[in-house]
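Heads up: numbering here begins at 1 and tracks the sequence. Each ligand, and each atom within it, is numbered from 1 in the order the structure gives. Keep in mind it's a predicted model, so treat the numbers as computed, not measured. Note that these values count all heavy atoms, side chains included, but never hydrogens, waters or copies made by symmetry.
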Amino acid sequence: MKRTPHLLAIQSHVVFGHAGNGAAVFPMQRVGVNVWPLNTVQFSNHTQYGQWAGEVLAPQRIPELVEGIAAIGELGNCDAVLSGYLGSAAQGRAILSGVARIKAANPKALYLCDPVMGHPEKGCSVPVEVSDFLLQEAVAQADILCPNQLELDSFCGRSPQSLFDCLAMARSLLARGPKVVLVKHLAYPGKPEDHFEMLLVTAEGSWHLRRPLLAFPRQPVGVGDLTSGLFLARVLLGDSLVAAFEFTAAAVHEVLLETQACASYELELVRAQDRIAHPRVRFEALPISV
Ligand SMILES: Nc1ncnc2c1ncn2[C@@H]1O[C@H](COP(=O)(O)OP(=O)(O)O)[C@@H](O)[C@H]1O
Ligand SMILES: Cc1ncc(COP(=O)(O)O)c(C=O)c1O
Ligand SMILES: [Mg+2]
C-alpha cells in the first residue's frame, strides 16, 4: 500500500471562516495527505474584515513544537513544510530553522513558501518586516515559491508589461533559490478580462493556464492558501508538477463555483469537498516560452 504523505503546514488559523490553515488543512486532508497544522496566529477571522481579535504565536514556540515532534521520533516522516501567512519576521526565521532541521532528518523534504504579503490594494494586513523577510531570506530557502502577481512584482521590483514579461519575472526567481515558481494569479496590461490566469515555471519548462473568471460582490479570501496547499498536496501524492498544477486549478475552481452558488463571502470548502477530491472540470496547462 502506498504511504500517505505527511506535511507540516505553518500559517495562520482563523476561528471563523477560511484563510491560512483554515483554508488549506481540510482540503489537503480531503485529497489524502496527513497534515500537521502549526498556527502562526490565531485570529477570530481573516484580516480583510478590517477588524479581528486574537494573537500571534511567540516565535520560540515554533522550534519547541518541531523539537517535540523530533523527540517522539516522527520528524523524519515529514515530507514537506508549507509556510504562509506570518505574524512576524521572527516567526519566519524560526520556520527556516525548522525547515533546516526537517531537511536534516529527511533530505527529500520539500519547502513550499507562499509569500503572503500585505497590499493596500488587497486589504490583506501583514507587517512590513514580514514582507522584507520573505523578499530577502525565505526565497533563498524555498524549493517551491507561490507568489500572486502583487508578490511577484515585489520580488522583482516592478510590474509586468505583458504575459511574456510575467514569465520572464517568474523565471528570474529561479536564480534566487526556488526550483519551482507557481504564480497563482496573473495581472498584466492587455490580460483578457474574462479569464483568471496562472503560470508554472521550472528550469525544464513553463506552463500557462486559464480558467473562467467568476464574478463576486466581494473577492473571497483564502484562495491563494487553498491553491498553494492543494498544489503541494498533489505533488506529495506523486503527481507531476504539471498534473498538480492542472488539478489545483480545477479543484479551486470547483470551490469558487460552490462559493458563488451559495452567494457566500467565505469559501464553501465543506460543501465542495467531494469536488475538491474529484473535480469535474479540467483546465489544460499549455507550454509557454519567451
Ligand atoms: N476564477 C476566479 N474568478 C474570480 N476570482 C478569482 C478566481 N480565482 C481566484 N479569484 C480571486 O482572485 C484573487 C487573487 O487570488 P490570488 O492572487 O491567487 O491569491 P491570494 O488569495 O493569495 O491573493 C482572490 O481574491 C481570489 O478570490
Ligand atoms: C489571517 C490571514 N491569513 C491568510 C490570508 C491570506 O489569504 P489569501 O489566500 O487570500 O492570500 C489572509 C488574508 O487576508 C489573512 O487575513
Ligand atoms: Mg495569498
Side-chain angles (χ1 to χ4, degrees), residues 9-25 27 37 39-57 82-88 91 112-127 130-131 134 145-154 166 182-188 191-200 209-231 245 248-261 264-269 279 281 283:
I10 314 180
Q11 54 183 341
S12 49
H13 175 67
V14 287
V15 176
F16 170 82
H18 301 288
N21 270 340
V25 171
N39 302 328
T40 51
V41 306
Q42 174 166 250
F43 290 165
S44 53
N45 49 267
H46 67 67
T47 59
Q48 290 182 52
Y49 283 96
Q51 59 180 70
W52 62 93
E55 60 186 5
V56 174
L57 184 77
L82 179 156
S83 72
Y85 185 101
L86 305 177
S88 69
Q91 276 190 344
L112 181 149
C113 175
D114 182 339
V116 180
M117 293 179 199
H119 197 281
E121 217 173 274
K122 259 197 77 181
C124 180
S125 176
V126 171
V130 169
S131 306
L134 292 165
L145 191 73
C146 297
N148 60 26
Q149 183 71 56
L150 296 169
E151 291 152 357
L152 180 62
D153 293 1
S154 299
C166 291
L182 170 63
V183 188
K184 294 174 301 180
H185 174 203
L186 294 178
Y188 54 86
K191 190 185 97 39
E193 302 240 314
D194 55 345
H195 279 95
F196 184 89
E197 303 184 15
M198 303 197 284
L199 270 182
L200 174 70
L209 187 150
R210 292 179 159 183
R211 61 179 199 243
L213 187 69
L214 303 174
F216 292 96
R218 268 199 296 180
Q219 279 299 314
V221 170
V223 179
D225 309 324
L226 177 64
T227 304
S228 304
L230 283 175
F231 180 69
F245 185 42
T248 300
V252 171
H253 190 69
E254 292 284 17
V255 171
L256 291 175
L257 282 175
E258 188 67 37
T259 304
Q260 189 189 48
S264 168
Y265 176 42
E266 293 285 348
L267 296 177
E268 289 290 340
L269 297 171
V281 294
F283 305 108

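No N or O atom of His253 sits closer than 3.5 Å to an N or O atom of ligand 1. For the pair Gly224 and ligand 1, the shortest N or O to N or O distance falls below 3.5 Å. Between Pro212 and ligand 1, at least one N/O pair is under 3.5 Å apart. Looking at Thr47 next to ligand 2, an N or O pair under 3.5 Å apart turns up. Ligand 1 has no N or O atom lying under 3.5 Å from any N or O atom of Phe196, backbone or side chain. Ligand 2 has no N or O atom lying under 3.5 Å from any N or O atom of Tyr85, backbone or side chain.
Using a 4.5 Å heavy-atom threshold, the side chains of Lys184 and Asp114 count as touching. Considering only heavy atoms from C-beta on, His253 comes within 4.5 Å of Phe283 through its side chain. Under the 4.5 Å side-chain criterion, counting only non-hydrogen atoms from C-beta, Pro37 is not in contact with Gln11. Between Leu145 and Pro115 the shortest side-chain heavy-atom distance falls below 4.5 Å. Counting heavy atoms from C-beta on, the side chains of Leu256 and Pro220 come closer than 4.5 Å. Taking the side chain as every heavy atom from C-beta outward, Asn39 and Leu57 never approach each other to under 4.5 Å. The shortest distance between side-chain heavy atoms of Leu199 and Leu182 does not fall below 4.5 Å. Leu112 is listed as a side-chain neighbour of Phe231, based on a closest heavy-atom distance under 4.5 Å.
Shown here for His185 and Met198, the closest heavy-atom pair between the two residues is N-CG, 4.4 Å.
Atoms of ligand 1 lying under 4.0 Å from at least one heavy atom of Pro220, given by number and element, are 24 (C), 25 (O), 26 (C), 27 (O). Distances below 4.0 Å separate heavy atoms of Gln48 from the following atoms of ligand 2: 13 (C), 14 (O). Each of the atoms 1 (C), 2 (C), 3 (N), 4 (C) of ligand 2 lies under 4.0 Å from some heavy atom of Ser12. Set against the non-hydrogen atoms of His46, the atoms of ligand 2 under 4.0 Å away are 15 (C), 16 (O). Listed by atom number, the atoms of ligand 2 under 4.0 Å from Ala19 heavy atoms are 2 (C), 3 (N), 4 (C).
Of the options Lys184, Gln219, Glu151, the smallest heavy-atom separation from atom 11 (C) of ligand 1 is shown by Gln219. With atom 7 (O) of ligand 2 as the reference point, the heavy atom nearest to it among Thr40, Asn21, Val14, Asp225 is part of Asp225. Considering each of Gly224, Gly222, Gly229, the one bringing a non-hydrogen atom nearest atom 10 (O) of ligand 2 is Gly222.
Proximity of the aromatic rings of Phe43 and His46 is defined here by a centroid distance below 6.0 angstrom, and this criterion is not met.
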Checklist entry - Would Tyr188 and Gln149 count as a side chain to side chain donor-acceptor pair (under 3.5 Å) if you check the C-alpha gap in whole Å, the side-chain angles of each, and the deciding distance to 0.1 Å? => result CA-CA 9 Å; Tyr188 54 86; Gln149 183 71 56; over 6 Å; no
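Within the 4.0 Å heavy-atom criterion, neither part of Ala215 lies near ligand 1. Only the backbone of Val223 comes within 4.0 Å of ligand 2, counting heavy atoms alone; no side-chain atom from C-beta on gets that close. Counting heavy atoms closer than 4.0 Å to ligand 1, residue Asp114 contributes nothing at all. Looking at Gln149 against ligand 1, nothing comes within 4.0 Å, counting heavy atoms.
For the pair Gly222 and ligand 1, no heavy-atom separation below 4.0 Å is found. Ligand 1 has no atom lying under 4.0 Å from any heavy atom of Thr227.
Pairs passing the salt bridge (Lys or Arg N to Asp or Glu O under 4.0 Å) check and including a residue from residues 211-229, sequence neighbours excluded, do not occur.
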